[in-house]
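Just so we're on the same page: letters track the sequence lines, and every chain starts at 1. Since the structure is predicted, the reported quantities are computational estimates derived from the model, not experimental observations.
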Number of protein chains: 2
Amino acid sequence: MSIRVTADDVAQAAGVSRAMVSRAFTPGASVSAKKREHVLAVAQALGYRPNLIARGLTGRSTGLIAVVAGEISRPYEAWLLEHLVFELSSRGYQPLLLPALRGGNVTEMIDHALAYQVEGAIVAAGSVSREIADRCRASGAPLVLIGRVLESSGVDAVCCDNIKGMHLLVNRLVQQGRRRIAWLGGTEDTFSDQERRLGVEQALSHYGLTLMAVHRGDFSLQSGLNEGLALLGAGQPLDAIICANDAMALGVVEAAAQRGMRVPDEIAVTGFDDVPSAAWGRCPLTTVRNPVQETALEALRLLEARVKTPTRATQIVRVGVTLVERVSA
Amino acid sequence: MSIRVTADDVAQAAGVSRAMVSRAFTPGASVSAKKREHVLAVAQALGYRPNLIARGLTGRSTGLIAVVAGEISRPYEAWLLEHLVFELSSRGYQPLLLPALRGGNVTEMIDHALAYQVEGAIVAAGSVSREIADRCRASGAPLVLIGRVLESSGVDAVCCDNIKGMHLLVNRLVQQGRRRIAWLGGTEDTFSDQERRLGVEQALSHYGLTLMAVHRGDFSLQSGLNEGLALLGAGQPLDAIICANDAMALGVVEAAAQRGMRVPDEIAVTGFDDVPSAAWGRCPLTTVRNPVQETALEALRLLEARVKTPTRATQIVRVGVTLVERVSA
DNA sequence: TGAAATCTTGCACGCGCTTTCAAAAATACG
DNA sequence: CGTATTTTTGAAAGCGCGTGCAAGATTTCA
């Protein structure tokens with residue numbers, strides 16, 4: 001078997017022209033059924049598959065979609081990525097995975113991916129500049145954002161309803177009689193962090209309340225533990241800590257245990273996302289369900305819609321959230 | 001700005017031939033420094049980047065590497081994938097992510113990736129047939145296996161020392177005086193499952209012991225809980241449960257809590273891999289550290305070495321493991 | 001059976017790029 | 001200053017594929 005079998009080899013072996021081979025692999029092309037079958041059989045025997053790279057060159061689609069994901073080892077990102085990749089490849093696309101390096105330049109990564117003639121890009125990490133959005137548009141590769149919205153920039157996005165989610169959580173806490181509430185935020189300059197905090201403050205002010213303390217972590221379990229210890233040791237009597245995501249909430253639960261405080265009796269802790277591990281462990285989390293599958297689906301829908309109609313109006317989809325009541329609050 | 005700027009456009013704008021543009025972008029090519037600079041400047045201004053798809057067609061490398069990962073939402077797979085992707089892209093490769101669907105055909109996926117002229121494939125999930133290994137070789141795209149070994153088939157692989165890991169664990173349990181030991185295995189037909197179980201039985205027989213019970217889960221937390229409840233409720237007095245991975249061990253810890261049994265006093269539980277979450281929660285796991293970063297690095301080294309020397313002898317790298325002593329055993 | 005309509009097929013071109021080759025320019029050396 | 005050597009450059013030939021076009025084969029219909 002040769003190192004690389006091309007359409008020419010198949011044509012020769014099947015006694016037809018090279019064009020016929022190409023047509024045999026193109027559904028709906030003008031070939032007699034008999035000949036197509038024959039060509040396909042020969043191709044099979046020779047182990048031939050059309051070179052998708054070469055095909056992409058002729059103007060036909062490459063099927064490549066760039067996916068920029070955050071730190072995959074974090075539960076939410078991993079969960080989302082899994083759905084994204086699954087949906088993508090079951091639709092015949094190939095995900096080109098770009099890591100959003102710490103402090104790494106998403107712009108540069110997308111730029112690089114563009115050189116592979118990707119048909120589109122799904123960005124679920126880092127922050128995108130208007131500039132890169134324009135580059136994508138110029139290349140005809142639509143951009144879809146997940147979990148972040150680039151205002152008034154013509155970029156489609158899908159994002160859960162952070163504000164409503166936090167309203168649900170705050171309502172519950174207040175109804176439980178909690179009044180001394182602290183906020184543990186995530187990485188600064190993060191869209192989710194900003195919207196979620198806004199949601200908390202809105203809901204609180206509706207009850208005439210304000211945050212008693214504000215700390216900031218980096219969305220990781222470890223930072224949840226650290227900041228949790230700090231919050232609970234500050235001498236200020238709190239009765240609830242609202243965290244910007246589940247991982248940090250889990251860390252805070254741990255911190256409470258280390259401080260000998262009972263959750264939820266002495267202190268309530270809430271998360272956000274409802275990642276799989278939120279339901280487990282010492283204290284199952286009361287949290288907000290962020291529907292990943294629906295998110296992934298919507299992102300693809302947006303992408304395909306824009307490929308089909310590049311000029312359609314920018315669309316920002318807000319997927320719905322629901323309160324998940326477990327034991328931590 | 002045109003929808004797609006090509007080398008021709010740049011050549012025209014810079015007043016040189018298209019070949020010059022190509023050379024300007026090829027390090028070490030024969031171009032005068034002055035002209036290269038000029039061309040690069042014009043290219044920059046026009047927003048030109050060489051089309052990597054077209055470049056790949058000319059026989060130069062595409063830089064694409066297929067990565068087949070398992071269920072990304074599982075901690076170990078996510079952790080490994082993160083390292084893999086990071087190392088890959090910091091070396092200038094682009095990971096093409098292929099999901100190993102449940103019951104999905106790894107063969108078919110790789111076959112598809114081959115059509116993208118990938119330079120190699122790293123398989124960390126599913127099981128590969130000899131057949132697909134041959135196809136890869138024929139295409140000149142080396143295959144590297146992670147965590148699984150395809151005996152006598154000329155496929156390079158990197159895999160941790162499962163046997164030794166289990167010896168370490170069993171030694172510790174026995175030294176603690178535990179004798180009534182059960183095994184909770186993972187998905188059947190899995191290389192890790194088989195080797196790890198073998199390791200346990202070897203070590204046990206060295207002490208003249210045998211397993212008191214054998215159950216099987218699917219490497220998930222949930223199955224750990226289910227089987228843990230079953231094992232602990234079977235009426236048979238156990239003093240240790242050795243699990244095939246951390247996730248199941250965490251589930252068993254949970255099961256013990258539900259049964260009102262104290263870990264490690266009444267029952268010891270051990271994991272394998274030392275995923276980040278193993279150190280957390282109600283009962284930090286005593287486990288075996290599976291060095292992911294080293295694994296990822298070795299896999300790339302193997303890949304590159306074989307690309308460079310296709311005929312080199314098959315190499316199977318066993319990365320070392322260490323015992324991580326925490327509280328669960 | 002013959003002409004018109006319909007399929008089927010092969011040729012040749014182009015996608016955007018790299019690279020060989022030979023010609024042209026620049027440099028070296030006597 | 002002339003020739004030998006080296007460097008720089010452009011023309012052209014692919015890489016593997018899809019597709020428009022026109023010629024050839026087949027079918028249809030009168």
Side-chain angles (χ1 to χ4, degrees), chain A residues 2-40 42-43 46-64 112 114-119 139-141, chain B residues 2-40 42-43 46-64 112 114-119 139-141:
Chain A
S2 113
I3 185 107
R4 192 142 287 176
V5 29
T6 76
D8 258 322
D9 301 330
V10 177
Q12 204 161 336
V16 297
S17 77
R18 210 183 40 58
M20 281 295 98
V21 179
S22 176
R23 282 192 260 260
F25 279 92
T26 307
S30 163
V31 212
S32 67
K34 207 178 66 178
K35 190 144 278 186
R36 159 170 284 152
E37 207 167 320
H38 175 221
V39 171
L40 256 29
V42 172
L46 261 51
Y48 168 79
R49 294 214 41 175
N51 180 334
L52 260 23
I53 291 292
R55 171 181 291 179
L57 197 53
T58 71
R60 269 164 67 136
S61 70
T62 57
L64 255 24
H112 189 211
L114 247 27
Y116 280 99
Q117 313 302 104
V118 296
E119 288 182 57
S139 299
Chain B
S2 110
I3 185 109
R4 190 143 289 176
V5 29
T6 76
D8 258 322
D9 302 329
V10 177
Q12 204 161 335
V16 296
S17 75
R18 200 187 51 256
M20 280 296 99
V21 179
S22 175
R23 280 192 264 260
F25 279 91
T26 307
S30 163
V31 212
S32 66
K34 208 179 65 179
K35 190 145 276 183
R36 159 171 285 150
E37 208 168 317
H38 174 223
V39 171
L40 255 30
V42 173
L46 261 53
Y48 168 78
R49 293 213 43 173
N51 179 334
L52 294 184
I53 291 293
R55 170 180 292 181
L57 194 54
T58 71
R60 262 163 72 136
S61 69
T62 57
L64 257 24
H112 188 214
L114 248 26
Y116 280 98
Q117 313 301 105
V118 296
E119 289 182 57
S139 299

Chemist: Take atom CD of A:Q12 and atom P of C:dG10, then tell me their distance rounded to the nearest Å.
Modeler: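 Distance check: A:Q12 CD to C:dG10 P gives 13 Å.
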Chemist: Under the side chain to side chain donor-acceptor pair (under 3.5 Å) test, which residues partner A:H38, sequence neighbours left out?
Modeler: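 For A:H38, no residue satisfies side chain to side chain donor-acceptor pair (under 3.5 Å) once neighbours in sequence are set aside.
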Chemist: To the side chain of A:A19, which of D:dT8, C:dT9, C:dG10 is closest?
Modeler: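 Shortest atom-to-atom distance from the side chain points to C:dG10.
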Chemist: Minimum heavy-atom separation for A:G56 and A:T62, please, with both atom names.
Modeler: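 Looking at all heavy atoms of both residues, the closest pair is CA-CG2, 3.9 Å.
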Chemist: According to a strict under-4.0 Å criterion, is B:K35 in side-chain N/O contact with OP1 or OP2 of D:dT9?
Modeler: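 It does, given that an N or O in the side chain of B:K35 lies less than 4.0 Å from OP1 or OP2 of D:dT9.
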Chemist: Between A:S17 and C:dG10, does any side-chain N or O lie under 4.0 Å from OP1 or OP2?
Modeler: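 So the side chain of A:S17 is within the cut-off, an N or O lying under 4.0 Å from OP1 or OP2 of C:dG10.
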Chemist: Are A:R60 and D:dT19 close enough that a side-chain N or O sits under 4.0 Å from OP1 or OP2?
Modeler: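 Yes, because at least one side-chain N or O of A:R60 sits under 4.0 Å from OP1 or OP2 of D:dT19.
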Chemist: Find the distance A:I53:CD1 to D:dC15:C1' and express it as a whole number of Å.
Modeler: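 Taking CD1 of A:I53 and C1' of D:dC15, I get 12 Å after rounding.
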Chemist: Look at the side-chain N and O atoms of B:S22 and state whether any lies under 4.0 Å from the OP1 or OP2 oxygen of C:dT19.
Modeler: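 Checking C:dT19 against B:S22, no side-chain N or O comes under 4.0 Å of OP1 or OP2.
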Chemist: Using whole Å, report how far CZ of B:R49 lies from P of C:dT18.
Modeler: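 About 12 Å, once rounded to whole Å.
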Chemist: What nucleic acid atoms does B:Y48 come within less than 4.0 Å of, heavy atoms only: base, sugar-phosphate, or nothing?
Modeler: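 B:Y48: backbone/sugar contact only, no base atoms under 4.0 Å.
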Chemist: A:T58 side chain N/O closer than 4.0 Å to the phosphate oxygens (OP1, OP2) of D:dG18?
Modeler: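 For D:dG18, neither OP1 nor OP2 has a side-chain N or O of A:T58 closer than 4.0 Å.
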